[in-house]
Amino acid sequence: MKGRYGLLLFICLFVVSVAACTGGSGGSPGITDPSDTGLLVRAVSVEPESPDLDVFSNPIGCDNDQPEEPLTREDATLNIDVTRLNQDVISDPLPASVEECTITYLKANEDPAAPALTSLTIYPNCILQDGTNSCNVTLIDIARKNAYASSVLFQGVNSPAEYPTHYVARYYCKFKNNFGDEGFFPVEVDIWLADFENCEGE
């Protein structure tokens, strides 16, 4: 009899621990429970504005009359698909707004020797309506491009396995609904940092 009670107790503890670990609700990891804001973030993606994913750093000076490419900030577009959790609510949680995003630049697995880049916090202030919304955001700024170029090319502190060097830009964004309730969502995009010569005839 004692053995049966012991087995029952073990099963109960196991069920409770599994429920605690899974959280009891579905959805993508890191996305806020829709009941917190009345909004469901269905999908988020990042589109760099340039046709390729390479992010140029300090171009090396050319020996001829061709000008260097200017060192500029790189931008991207967040595509955010959001909808109301309850279409019949009297108090509408929309419009919402993207208030703040922290971008963490993660080294790719194949490049542990890549320079560490500090995270960047931006404040897009984009309005979200029901459906897919486009939000212009910074992908990487000049300071972080300079930090990469300085470590790899000019000071020789780091020797990445790959050149261009693979990073993952991870966004973690805070949004607010129409009543000021906060929610969060993550999204990632691969980028490659390098310093290219852009001279014709070379």
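One is the number of the first residue; the rest follow in order along the sequence.
Atom OG1 of residue Thr102 and atom CZ of residue Arg170 lie 12.5 Å apart, to the nearest 0.5 angstrom. Atoms CG and CG, on Asn177 and Asp92 in that order, are 9.5 Å from each other to the nearest 0.5 Å. The OG atom of Ser97 sits 6.0 Å away from atom CG of Asn125, with the distance rounded to the nearest 0.5 Å. Between Glu110 atom CD and His166 atom NE2 the span is 5.5 Å, to the nearest 0.5 Å.
What you find for Asp141 and Arg73 is that their closest heavy atoms are CA-CG, 3.9 Å. The two residues Glu100 and Thr121 have their closest heavy-atom pair at CG-CG2, 3.8 Å. Closest approach of Pro164 to Ala194, counting heavy atoms only: CB-CB, 3.7 Å. Nearest approach of Val98 to Cys101, heavy atoms of both residues: CG1-SG, 3.9 Å. Summarising the geometry of Thr118 relative to Arg144, their closest heavy-atom pair is O-NE, 2.9 Å, with the distance given to 0.1 Å.
By the 4.5 Å heavy-atom criterion applied to side chains, Asp130 and Arg84 are counted as neighbours. In this structure, the side chains of Tyr171 and Leu139 come closer than 4.5 Å at one or more pairs of heavy atoms. The shortest distance between side-chain heavy atoms of Trp192 and Thr165 does not fall below 4.5 Å. Within the 4.5 Å cutoff, the side chain of Ile80 has heavy atoms near those of the Leu128 side chain. Proximity of Glu74 to Thr138: side-chain heavy atoms (C-beta onward) are nowhere separated by under 4.5 Å. Here the side chains of Phe175 and Val41 are in contact, with some heavy-atom distance below 4.5 Å. Cys173 places none of its side-chain heavy atoms less than 4.5 Å from the side chain of Pro186. Residues Pro95 and Asn178 form a side-chain contact, since some pair of their non-hydrogen atoms from C-beta on lies under 4.5 Å apart.
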Task: Steps toward side chain to side chain contact (heavy atoms under 4.5 Å, CB included) verdict (Phe179, Thr37) - done: CA-CA 9 Å; Phe179 308 108; Thr37 59; over 6 Å; no

TODO: Verify side chain to side chain contact (heavy atoms under 4.5 Å, CB included) between Val46 and Leu78, making sure each step is shown before the conclusion.
DONE: CA-CA 5 Å; Val46 183; Leu78 288 183; 3.6 Å; yes

Open item on the list: Let's go through Leu117 and Leu193 carefully: what are the C-alpha distance in whole Å and the side-chain angles of both, what is the deciding distance for side chain to side chain contact (heavy atoms under 4.5 Å, CB included) to 0.1 Å, and is it a yes or a no?
Closed with: CA-CA 11 Å; Leu117 302 178; Leu193 298 184; 3.6 Å; yes

TODO: Would you sort out whether Glu99 and Lys174 count as a salt bridge (Lys or Arg N to Asp or Glu O under 4.0 Å), showing the intermediate values?
DONE: CA-CA 6 Å; Glu99 301 286 320; Lys174 177 175 72 176; over 6 Å; no

- [ ] Might you work through the side chain to side chain contact (heavy atoms under 4.5 Å, CB included) test for Leu39 and Thr83, ending with a clear yes or no?
- [x] CA-CA 6 Å; Leu39 297 173; Thr83 190; over 6 Å; no

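Remark: side-chain polar atoms of Asn158 are not paired, donor with acceptor, to backbone N or O of Val152 under 3.5 angstrom. Under the 3.5 Å distance criterion, the side-chain polar atoms of Asp81 are left unmatched by any main-chain donor or acceptor of Arg42. Here the side chain of Asn136 pairs no donor or acceptor atom with the backbone of Ser134 at under 3.5 angstrom.
For an aromatic pair to be called close, the ring centres must be under 6.0 Å apart, and Tyr172 with Phe184 satisfies this.
Linking ILVMFWY side-chain heavy atoms closer than 4.5 Å, directly or via other members, places Val44 and Ile122 in a single hydrophobic cluster. In the hydrophobic cluster analysis, where Ile, Leu, Val, Met, Phe, Trp and Tyr join through side-chain heavy atoms closer than 4.5 angstrom, Tyr167 is grouped together with Leu120. Hydrophobic clustering (ILVMFWY, side-chain heavy atoms < 4.5 Å, transitive): Val137 and Ile103 are in one cluster.
Side-chain polar atoms of Gln155 and Ser150 form a donor-acceptor pair below 3.5 angstrom. Side chains of Thr132 and Asn79: a donor-acceptor N/O pair is absent below 3.5 angstrom, by distance only.
Using a 4.0 Å cut-off between charged side-chain N and carboxylate O, Lys176 and Asp181 make no salt bridge.
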